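Written out below as structure tokens is the structure these notes cover.
Just so it is clear, the values below take in all heavy atoms, side chains as well, and ignore hydrogens, waters and symmetry mates. Each chain gets a letter, A, B and so on, in the order the sequences are listed, and its residues count up from 1. Note that the structure is predicted; figures quoted are calculated from it, not measured.
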There are 2 protein chains.
Amino acid sequence: MAKVVGMALGKDYATQECSIARALEVVGERWTLLVIRDALYGVRRYNDFLVHLGIPRAVLAARLQALTAEGILEKRRYQESPPREEYVPTDRALALWPTLRSLGRWGREQFDEPQLRYFRHADCGTELGLYGECPRCALVVPVPDVLVDPGPGLDPNPADPISRALLKPRRLLQPFESEPAAGQ
Amino acid sequence: MAKVVGMALGKDYATQECSIARALEVVGERWTLLVIRDALYGVRRYNDFLVHLGIPRAVLAARLQALTAEGILEKRRYQESPPREEYVPTDRALALWPTLRSLGRWGREQFDEPQLRYFRHADCGTELGLYGECPRCALVVPVPDVLVDPGPGLDPNPADPISRALLKPRRLLQPFESEPAAGQ
DNA sequence: ACTCAAGGTTCAATGAACGAACCCACAGTG
DNA sequence: CACTGTGGGTTCGTTCATTGAACCTTGAGT
């Protein structure tokens, strides 16, 4: 009967012969897809992920490391002194956009929530279809050409700076200005 | 400063104003998407999920109950005596097909794995595109018209009856014959 | 009366997530 | 030089979730 060698628990969906299961081993853990979503929104720095997600620091560090190891984010030093790091989404992350788009639409449509954000084709303003295509232009919109347009359902005065920056229309991947701790 | 009332841990991505986060509250837990995948494959019975997924019984019971409560599966008594239950995917489950399809493709393409299964338009045999459309017929293929066609990478002699049935081409949603415990 | 099958529940052990506290390197300020 | 602030982490005790083995229940078959 040759028992499978006990590989304990972990991220593995042991016996599955299925690329969905393989994908979930990589991005299926708690928080992971939200980290990737934020990376596509333009979040790049540890502290910005932290405040925008409300994720425990240790978990964030673990996820960033795992995503870097999987080639989904790239860790870069953006200044030497003091040493500062950023995490930039790779093509692997961009390739997840259709999945994230369709998942978000599923959530809103099936549980009829208020429209929080419109995703539009920046060239023509048309709202994207189910998987991120532009129905008017009949093409899959490249991620940098997706416009994130705030909808009526959003809190007009959020606590963290990332959410505040997301109250203005902006493109995916466009990095955030790290506000120089000014005013108030 | 009005702390948010501590809702402990749980399935909530507390502060997120985002339909992706809402969706993940529903289908983001470990095993959940694989249960839905199996339901789309045609798995309907507790024991079939159990052996095909290799999931702990308690977790399976919890997931089936949660998915039923969310209207993603429907629990039905398919015979009265002895009382037997089945879990049938609803439209909400079918609406997740593009998400699952794109997730599976992402996994295979980004980590260049062997092709395990082809998903084809049953009417014309063309392999589906990124999100479940037929490139030839230029339409989003309805879930019941998707043909699941085993590829070269599959184990030719799997242990559980569901995997064995999946070695033959079959449509999504088509229920499995529960083999009457014959032979051997 | 015994056995078998489906569809579960219970429970102790293990692992992961949480959150508060701490650490370090450096820059700027007085 | 001491002091404070910021970015990017690590450590650690507590709580929660997952695991796997054992057990339970209803009814059929023999």
Side-chain angles (χ1 to χ4, degrees), chain A residues 3-15 24-25 28-32 34-35 43-66 68 73 75-87 160-162 176 178-182, chain B residues 3-15 24-25 28-32 34-35 43-66 68 73 75-87 160-162 176 178-182:
Chain A
K3 281 200 65 158
V4 184
V5 284
M7 28 171 47
L9 191 138
K11 50 272 304 166
D12 60 84
Y13 290 106
T15 63
L24 287 172
E25 287 177 14
E29 286 173 301
R30 187 160 161 77
W31 294 111
T32 300
L34 294 182
V35 170
V43 177
R44 297 183 162 199
R45 292 162 59 158
Y46 183 94
N47 266 291
D48 289 341
F49 284 110
L50 198 68
V51 298
H52 187 232
L53 289 171
I55 183 179
R57 306 176 82 88
V59 177
L60 176 57
R63 295 295 181 273
L64 290 174
Q65 212 192 332
T68 302
L73 300 180
K75 184 174 186 172
R76 288 212 291 240
R77 181 155 292 189
Y78 68 88
Q79 82 180 26
E80 280 300 333
S81 173
R84 291 289 181 262
E85 314 288 343
E86 67 180 353
Y87 294 88
D160 70 286
I162 299 300
F176 292 87
S178 290
E179 40 187 337
Chain B
K3 281 203 62 157
V4 184
V5 284
M7 28 173 44
L9 193 140
K11 51 272 304 165
D12 61 83
Y13 290 106
T15 64
L24 287 172
E25 287 178 14
E29 287 173 301
R30 187 160 158 77
W31 293 110
T32 300
L34 293 183
V35 170
V43 176
R44 296 183 161 198
R45 292 162 62 158
Y46 183 95
N47 266 292
D48 289 341
F49 285 109
L50 199 68
V51 298
H52 187 231
L53 290 171
I55 183 179
R57 308 177 80 89
V59 176
L60 177 58
R63 295 294 182 274
L64 290 174
Q65 211 192 330
T68 302
L73 300 180
K75 184 174 185 172
R76 287 213 292 241
R77 179 155 293 187
Y78 68 86
Q79 82 179 25
E80 281 300 333
S81 176
R84 291 289 180 262
E85 315 289 340
E86 66 180 352
Y87 295 87
D160 69 288
I162 299 298
F176 292 87
S178 291
E179 39 187 338

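Expressed to the nearest 0.5 Å, how far OG1 of T32(B) lies from CD1 of I55(B) amounts to 8.0 Å.
Scanning all heavy atoms of the two residues, the minimum distance from P56(B) to L50(B) falls at C-CD1, 4.4 Å. The minimum heavy-atom distance linking F49(B) with V35(B) is given by the pair CE2-O, 3.5 Å.
Put simply, CD on E29(A) is 9 Å from C1' on dA16(C), counting in whole angstrom units. Residue R63(B) contributes atom CZ, which lies 8 Å from atom C1' of dT18(D) at whole-angstrom precision. When rounded to the nearest whole Å, the span between CZ of R44(B) and C1' of dA6(C) equals 17 Å. The distance from atom CG of D160(A) to atom P of dG7(D) is 14 Å, rounded to the nearest whole Å. Between L60(B) atom CG and dA17(D) atom P the separation is 18 Å, expressed in whole Å. We find that CG of L53(A) is positioned 14 Å from P of dA17(C), with the value rounded to whole Å. Atom CG in L50(B) sits about 14 Å away from atom C1' in dA22(D), given to the nearest Å.
R76(B) is linked by a side chain to side chain contact (heavy atoms under 4.5 Å, CB included) to R44(B), E74(B), E86(B), V88(B), counting only residues two or more places apart in sequence or in another chain. Not counting sequence neighbours, the partners of E80(A) by the side chain to side chain contact (heavy atoms under 4.5 Å, CB included) test are R77(A). Contacts of Q65(A) classified as side chain to side chain donor-acceptor pair (under 3.5 Å), with partners at least two apart in sequence or in another chain: none.
Nucleic acid contact for V59(B): base, since at least one base atom lies under 4.0 Å from a heavy atom of the residue. If you check every strand for non-hydrogen atoms under 4.0 Å, R77(B) touches nothing.
Geometrically, R30(B) engages Y13(A) in a cation-pi contact defined by less than 6.0 Å to the ring centre and at most 45° from the axis.
The phosphate of dA27(C) has OP1 or OP2 within less than 4.0 Å of a side-chain N or O from S81(A). Taking side-chain N and O atoms only, W31(B) has a distance below 4.0 Å to OP1 or OP2 of dT19(D).
Proximity of a side-chain donor or acceptor of Q79(B) to a complementary backbone N or O of P82(B) within less than 3.5 Å is detected. The backbone N or O of L64(A) sits less than 3.5 Å from a side-chain atom of T68(A), completing a donor-acceptor pair.
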Pairs under 3.5 angstrom, nitrogen or oxygen only, protein versus nucleotides 8-11 of chain D, please.
from   : atom 1 : to     : atom 2 : distance (Å)
dG8(D) : OP1    : E85(A) : N      : 3.3
dG8(D) : OP1    : E85(A) : O      : 2.6
dG8(D) : N7     : R57(A) : NH2    : 3.4
dG9(D) : OP1    : K75(A) : NZ     : 3.3
dG9(D) : OP2    : Y87(A) : OH     : 2.8
dG9(D) : N7     : R57(A) : NE     : 3.1
dG9(D) : N7     : R57(A) : NH2    : 2.9
dG9(D) : O6     : R57(A) : NE     : 2.9
dG9(D) : O6     : R57(A) : NH2    : 3.4

Taking only Watson-Crick and G-U wobble pairs with both distances under 3.5 Å, what dot-bracket line describes DNA chain C, where [ ] shows pairs that cross earlier ones and | shows pairs with another strand? ||||||||||||||||||||||||||||||

